[in-house]
Amino acid sequence: MIIDFHTHNFPSSLAPRAVASMLERLNGLTVPVGDGTVETELRDMERAGVDLCVNCPVATKPDQFNAIFRRALAVRDGAEGEVAAQHLFQLGSVHPDDPDFAAHLRLLRENGIPGIKLHPQYQGFRLLDHVPFFTAVRDAGLFVISHTGFDPGFTDSTAVPSPDQLAALFTAVPGLKFVAAHVGGYCGSPPHAVDQLLPFENCWIDTAVMCFCDDDPEAHRIIREWPAERMVFGTDYFWRDQAKLMAWVKALRPDPADQRLIFGENARRLLGL
C-alpha cells in the first residue's frame, strides 16, 4: 500500500474560495496541480498509483474545530462516496488557542482520528509558547503533523518552526509523536540543521518538497541519509504532482526495504492501520 501522508482537500463548495485565497498569498510563486476537491484528488491518486491519501486540514481559528471534525467523520462514513471513504483518511485540527483543546483532543481520539494537522504560520502561534497544548496532544495519544520551516506565503512570519525550535519542543514534551512536514525538503534551514532532530525517536519527517527545492543538494542529502524508519512519503498534494514526487523519492532511496517503510509501513503504524 502506498500512502501519501500529506495532502489537502476541501468540501466542493469551499474549494474554489480556499484555493484562490492561498494563490493570492503565494503571488504566483507556485501553481497547484489540483483544484482542492475530493473528486480531483481521487482521480489524480489513481493515476499516480497512490492507495490512501491523508487529508491535513488546518483550523485557522479556534472555532473551526467542529466543522473539521464533522467533515472527517462524514467522509469516513461515506458522505462523499464510497471511494472517498476507502481511499481518503481525514485528520483533525485543533487550534492551540482553543479554550477547549483538551476536550477536543480527547474527542478525536475517542472517534478514531489519530492525529491533527497544524500550520503555525496560518494559525499564528509559536511552538514553544504552547507546551501545555502539546502535552495534552501527547497524553491523548495523538500525533501531530505540522508545517515546519519556510513557507513562501509567509516570508515575514516570525512563527517559523525551525529544527532548533522543534528540538526544544521535543525536549519539553518527551514522547510527543510529531511529523515535521517539508523539513525533508530542506525548506530554508541551514545545511544539516535537520539532523539535530535525529535523537528524538518520535519525530518523523515527510518528503513533501517545495517545488523550488527539487534540485537542492540539502533536500537530496536529507532524503538519502535520514533513517527510512523515520520518514513518510508526503507530497502536499494538491500543490505537487504525486507521481513526480514518488519518482523523485524512489530515485534517492532505491532500496526496496527503505521504500516499503517510507511509502507505507511507517504511515500505517502512525495511523493505526
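Start at 1 with the first residue, then count along the sequence.
Between P227 and L198 the shortest heavy-atom distance is CD-CD2, 3.5 Å. Pairing each heavy atom of P161 with each of P120, the nearest pair is CG-CG, 3.9 Å. The minimum heavy-atom distance between A84 and V75, with the atom names listed, is O-CG1, 4.3 Å. Here the closest non-hydrogen pair linking F101 and P96 is CD2-O, 4.0 Å. In terms of heavy-atom proximity, T40 sits nearest to G34 at CG2-CA, 4.2 Å. Heavy atoms only, all atoms of each residue included: Q196 and D164 are closest at OE1-CA, 3.4 Å.
Shown here are the side chain to side chain contact (heavy atoms under 4.5 Å, CB included) partners of T30, two or more places apart in sequence or in another chain: L26, C211, W239. For the salt bridge (charged side-chain N to carboxylate O under 4.0 Å, His left out) test, no residue two or more places apart in sequence or in another chain qualifies with D216. Applying the ring-ring contact (aromatic ring centres under 6.0 Å, His included) test to H95 and every residue at least two apart in sequence or in another chain returns nothing. For A67, the side chain to side chain contact (heavy atoms under 4.5 Å, CB included) criterion is met by R70, not counting sequence neighbours. In this structure, the ring-ring contact (aromatic ring centres under 6.0 Å, His included) partners of F263, at least two apart in sequence or on a different chain, are F233.
Contact check for R269 versus L261: side-chain heavy atoms found under the 4.5 Å cut-off. Two residues are said to be in side-chain contact when any heavy atoms from C-beta on lie closer than 4.5 Å; M45 and D4 fail this criterion. The side-chain heavy atoms of P11 and V38, taken from C-beta on, include no pair separated by under 4.5 Å. Put simply, the side chain of L88 does not reach to within 4.5 Å of the side chain of R76, judged on heavy atoms. Contact of the L127 side chain with the F134 side chain is registered, since non-hydrogen atoms from C-beta on lie closer than 4.5 Å. Under the 4.5 Å side-chain criterion, counting only non-hydrogen atoms from C-beta, F238 is not in contact with D35.
No donor-acceptor pair closer than 3.5 Å links the side chain of T235 to the backbone N or O of R240. No donor-acceptor distance shorter than 3.5 angstrom exists from the side chain of E229 to the backbone of N266, with no hydrogens or angles considered. For the pair N111 (side chain) and I113 (backbone), a donor-acceptor distance under 3.5 Å is absent. When atom types are taken as modelled, the side chain of R138 and the backbone of G175 share no donor-acceptor pair closer than 3.5 angstrom. A donor-acceptor contact shorter than 3.5 Å links the side chain of R109 to the backbone of G141. Proximity of a side-chain donor or acceptor of H147 to a complementary backbone N or O of K117 within less than 3.5 Å is not detected. Looking at E24, its side chain never comes within 3.5 Å of a backbone N or O of S21 through a donor-acceptor pair. Using modelled atom types, one side-chain atom of Q123 and one backbone atom of H119 make a donor-acceptor pair closer than 3.5 Å.
Aromatic ring orientation, W248 versus H220: perpendicular (interplanar angle above 60°, classes split at 30° and 60°).
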Pair D206-H182, side-chain hydrogen bond (donor to acceptor under 3.5 Å, both in side chains): steps then yes or no: CA-CA 6 Å; D206 78 5; H182 291 295; 5.3 Å; no

L105/I116 under side chain to side chain contact (heavy atoms under 4.5 Å, CB included): CA gap, chis, key distance, verdict: CA-CA 9 Å; L105 292 167; I116 62 171; 4.2 Å; yes

Stepwise side-chain hydrogen bond (donor to acceptor under 3.5 Å, both in side chains) check, T37 with E41: CA-CA 6 Å; T37 66; E41 180 165 9; over 6 Å; no

Stepwise side chain to side chain contact (heavy atoms under 4.5 Å, CB included) test for L108 and F65: CA-CA 10 Å; L108 291 172; F65 167 80; 3.9 Å; yes

Test side-chain hydrogen bond (donor to acceptor under 3.5 Å, both in side chains) applied to R71 and N9, step by step: CA-CA 11 Å; R71 181 168 186 253; N9 63 57; 2.9 Å; yes

Side chain to side chain contact (heavy atoms under 4.5 Å, CB included) evaluation trace for Y122 with R25: CA-CA 11 Å; Y122 271 102; R25 179 177 287 277; 3.8 Å; yes

Side chain to side chain contact (heavy atoms under 4.5 Å, CB included) between Y237 and D44, intermediate numbers included: CA-CA 9 Å; Y237 178 90; D44 287 350; 2.7 Å; yes

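Checking N66 against H104 by side-chain atom types alone, no donor-acceptor pair falls below 3.5 Å. In the model, H8 has a side-chain atom that pairs as donor or acceptor with a side-chain atom of D236 under 3.5 Å.
Annotation for E46: atom CD does not count as buried by contact number, only 12 or fewer foreign heavy atoms lying within 6.0 Å.
Interatomic distance, I262 CD1 to K250 NZ, rounded to the nearest 0.5 Å: 11.0 Å. Remark: C53 SG to L42 CG distance equals 8.0 Å, nearest 0.5 Å. To the nearest 0.5 Å, the span separating CE on M246 from CD1 on I2 amounts to 4.5 Å. The distance from the CG atom of N55 to the NE2 atom of H6 is 9.5 Å, given to the nearest 0.5 Å. Here CZ of F170 is found 13.5 Å from NZ of K177. Values are rounded to the nearest 0.5 Å. The SG atom of C56 lies 11.5 Å from the CD1 atom of I68; values are rounded to the nearest 0.5 Å.
If you run side-chain contact (heavy atoms from CB on, under 4.5 Å) between I222 and each of L252, V209, I205, T207, only I205 comes through.
Salt-bridge annotation for E218 and R221: present, with a side-chain N of the basic residue lying under 4.0 Å from a carboxylate O of the acidic one.
With a 4.5 Å cut-off between side-chain heavy atoms of Ile, Leu, Val, Met, Phe, Trp and Tyr, the cluster of I3 takes in M1, F5, L52, V54, F89, L91, F143, I145, V179, W204, V232, L270, L271, L273.
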